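A quick note: this is a predicted structure, and the numbers were derived from the prediction, not measured. Throughout, protein chains are lettered first and strands after them, A, B, ... in sequence-line order, and every chain is numbered starting at 1.
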Amino acid sequence: MKPSIPKGTRDFGPAVVNRRNYIFDTIRTVFVKYGYQAIETPVLENLATLTGKYGEEGDKLLFKVLNNGDFLQKANREALAAGDSAELLPSIADKGLRYDLTVPFARFVVMHQNELAFPFKRYQIQPVWRADRPQKGRYREFYQCDADVVGTNSLMNEAELVQIYDEVFQKLGVEVEIKVNNRKILYGMAEAAGIASQFMDMTIAIDKLDKIGIEGVRREMERKGIPSAAVDRVEEMLAVKTLSPLKTLMADSETGLRGIAELEEFHRYFYTYPAGNAVVFDITLARGLNYYTGCIFEVKAKKVEIGSIGGGGRYDDLTGVFGLKGVSGVGISFGADRIYLVMEELELFPDRLTDSLQVLLVAFDVATHTYAFRCLQQLRSAGINAELYPEPAKLKKQMKYANARSVPYVVLIGEDEMKRGELTLKNMATGAQDQRDLAAIIAELSA
RNA sequence: GUGAUUGUAGCUCAGUUGGUUAGAGCGCUGGAUUGUGGUUCCAGAGGUCGCGGGUUCAAAUCCCGUCUUUCACCCCA
């Protein structure tokens, strides 16, 4: 048979994994610096945990896992006979692949609430799965890097999380714009326009603003049956670029005012920090995941068109659905796969990554090969990533291999070198070479 | 999920209105070069033209299905 892998999944070769790890390591380092601790959760969750958390669209994109054993015996016969997949599903699948890391985290917090110290800050770097139609930068299996904190309402957390965004993208050299908004402000808009019941319709339309323009948003809202007077009011508020005019525009909406106050509080914390990237209030930022209730964030790369490379926000009651009330959480997510594409396109990866081979030893014959093997061990003891070509093959062959591995240095070991105890160190980039003893070589390579 | 799009050597791609033995560059293997890769020269290997079916005397080329890629919508990282 011809080997293949499922749609929207990918293999990663050594060079790619090396670069991906560079991204993961950078993110991880910053997470840890801000006090977040790692956890991991299973790939598989109970479908009951996942369904209903991501809206109707999200439910459709959940990967369901067929029950083991003779599952048809327990299947809903009527639904099966009628060909009703939706009805049949609960009787044949009770597990699914995780869709994000936030919902499993909420589940984790509830299950382990007695073992955790609150506020609890955790980070998690694991793959998630969505049964979406793949495109560039959109896969069915992709990695998320999440940091969330639960058990604190302080807006300081929002400020810190945006700092993390800023710091990570500065370290990676990716210029970004970090958009900030507050779900309560969006709700305030709906209330001020007298269409609180059509909050979601309004939000979905607004979210498309940069794609379809203000006229498109108007049409979309009118199509959903929002009266044109209300649409006018919404449009008026959408034009606002700062918080202060909103206070009068949504003076009657208690929720809206609270949202404004929250963003102001966020700003008081955040602007104590010298951000390297643009952090902007964007009233049109909506975000689809409907569990968000407070501040929301989204990160866009400035020089590459690829959709958002990070997103997050505050969710007041995500643990509530699992039976733990009154625990508020806020978190952010990095889309590692999209960040990779951005960095690839902008050629931002360092030439030499830390976990690559530093030196290849080349021996000329059987006698020097065992001698070289001893040298190899000393290099490794000194913490140098080193490799000896496994047999004393023709020099040309070994050198070609060194080239293919793009090793910066090669150590040549022949009879002369072995007798004198001085090995030939060759710089592969310049072609220069000279004789040194092993200690000098170790010193050079450790530099 | 809806509508398009893509697939030819390891990679990037040619391949005429359907016509005999499907090509190039790069890469790969061997040699020129018995202690030196990345340059040069010579030689060589490598393809069920995504897969399955159909039309035709004849299909990489046309038709249908399917898988994959990419794109728009939807949604999102």
Which is it for A/F142 and A/Y340 under the ring pair (Phe, Tyr, Trp, His ring centres under 6.0 Å) test, yes or no, and what are the steps along the way?
CA-CA 11 Å; A/F142 62 97; A/Y340 183 96; over 10 Å; no
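- In this structure, CG of A/D132 is placed 12 Å from C1' of B/C73, rounded to the nearest angstrom.
- Rounded to an integer number of Å, the gap from CD1 of A/I178 to P of B/A77 is 16 Å.
- For the P atom pair drawn from B/A4 and B/U8, the interatomic distance equals 23 Å after rounding to whole Å.
- In this structure, CZ of A/R130 is placed 17 Å from P of B/C74, rounded to the nearest angstrom.
- Look at A/R133 and you won't find any side-chain N or O under 4.0 angstrom from OP1 or OP2 of B/U69.
- At a threshold of 4.0 angstrom between heavy atoms, the contacts of A/K208 are confined to the sugar-phosphate backbone, with no base atom among them.
- Picking from B/C75, B/A77, B/G31 the nucleotide with the shortest atom distance to the side chain of A/K394 gives B/G31.
- Straight-line distance between the P atoms of B/G18 and B/G53: roughly 24 Å, to the nearest whole Å.
- A straight line from CG of A/D100 to C1' of B/C75 spans 14 Å, rounded to a whole angstrom.
- Screening A/K95, A/R98, A/R107, A/K64 for a salt bridge (Lys or Arg N to Asp or Glu O under 4.0 Å) involving A/E45 leaves a single residue, A/R107.
- When heavy atoms are screened at a 4.0 angstrom cut-off, A/G58 is found touching no nucleic acid atom at all.
- On the C1' atoms, B/G27 is 7 Å away from B/G10, given to the nearest whole Å.
- Distances shorter than 4.0 Å separate none of the side-chain N or O atoms of A/K136 from OP1 or OP2 on B/U70.
- The shortest side-chain heavy-atom distance between A/C375 and A/L361 falls under the 4.5 Å cut-off.
- Judged as a ring pair (Phe, Tyr, Trp, His ring centres under 6.0 Å), the pairs with a partner in residues 396-446 of chain A (not counting sequence neighbours) are, in order, A/Y389-A/Y401.
- Once the 5.5 Å centre distance and the 30° plane angle are applied, the aromatic ring of A/F334 is found not to be stacked with the base of B/A77.
- Between A/Y165 and A/F169, the ring planes lie parallel to each other; the angle is under 30°, not in the 30° to 60° tilted range.
- Salt bridge status for A/E415 with A/K419: present, with a side-chain N to carboxylate O gap under 4.0 Å.
- When all heavy atoms are compared, the tightest approach of A/D59 to A/L50 is OD1-O, 4.3 Å.
- Rounded to an integer number of Å, the gap from A/R20 CZ to B/A77 C1' is 12 Å.
- When all heavy atoms of A/E222 and A/S228 are compared, the closest pair comes out as OE2-CB, 3.7 Å.
- Within the nucleic acid shown, A/G8 comes within 4.0 Å of sugar-phosphate atoms alone, with no base atom in reach, counting heavy atoms only.
- The distance between atom CZ of A/R287 and atom P of B/C76, rounded to the nearest whole Å, is 8 Å.
- Using atom P as the reference point in both B/G23 and B/G44, the two lie 14 Å apart (nearest Å).
- Distance A/Y292 OH to B/C76 C1': 11 Å, rounded to the nearest Å.
- A/S333 comes within 4.0 angstrom of no nucleic acid atom, judged by non-hydrogen atoms across all strands.
- For the pair A/I306 CD1 and B/A72 P, the interatomic distance rounds to 11 Å; values are reported in whole Å.
- The residue A/Q135 sits close to a base: some heavy atom pair falls under 4.0 Å.
- There is no side-chain donor-acceptor pair under 3.5 Å between A/Y292 and A/N181.
- Between A/Q433 and A/T424, the side chains place no donor N or O within less than 3.5 Å of an acceptor N or O (distance only, hydrogens not considered).
- Among the protein residues, A/I339 comes within range of no part of the nucleic acid, since none of its heavy atoms lies under 4.0 Å from any strand.
- Among B/C76, B/U68, B/C73, the nucleotide with an atom closest to any side-chain atom of A/K7 is B/U68.
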Which string of ( ) [ ] | and . matches RNA chain B, if you list each base 5' to 3' and count Watson-Crick or G-U pairs only when both distances are under 3.5 Å?
((((..(..((((.....[...)))).(((((.......))))).....(((((..]....))))))..))))....
Per-nucleotide protein contact string for nucleotides 35-45 of chain B (B base, S sugar-phosphate only, - none; heavy atom under 4.0 Å):
BBBB-------
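- Aromatic ring pairs are classed by plane angle as parallel below 30°, tilted from 30° to 60° and perpendicular above 60°; the pair A/Y54 and A/Y99 is tilted.
- The residue A/K60 sits apart from the nucleic acid: no heavy atom pair falls under 4.0 Å.
- Atom name C1', nucleotides B/A22 and B/A60: the rounded distance is 8 Å, in whole Å.
- Between B/U16 and B/C62, the two P atoms lie 10 Å apart (nearest whole Å).
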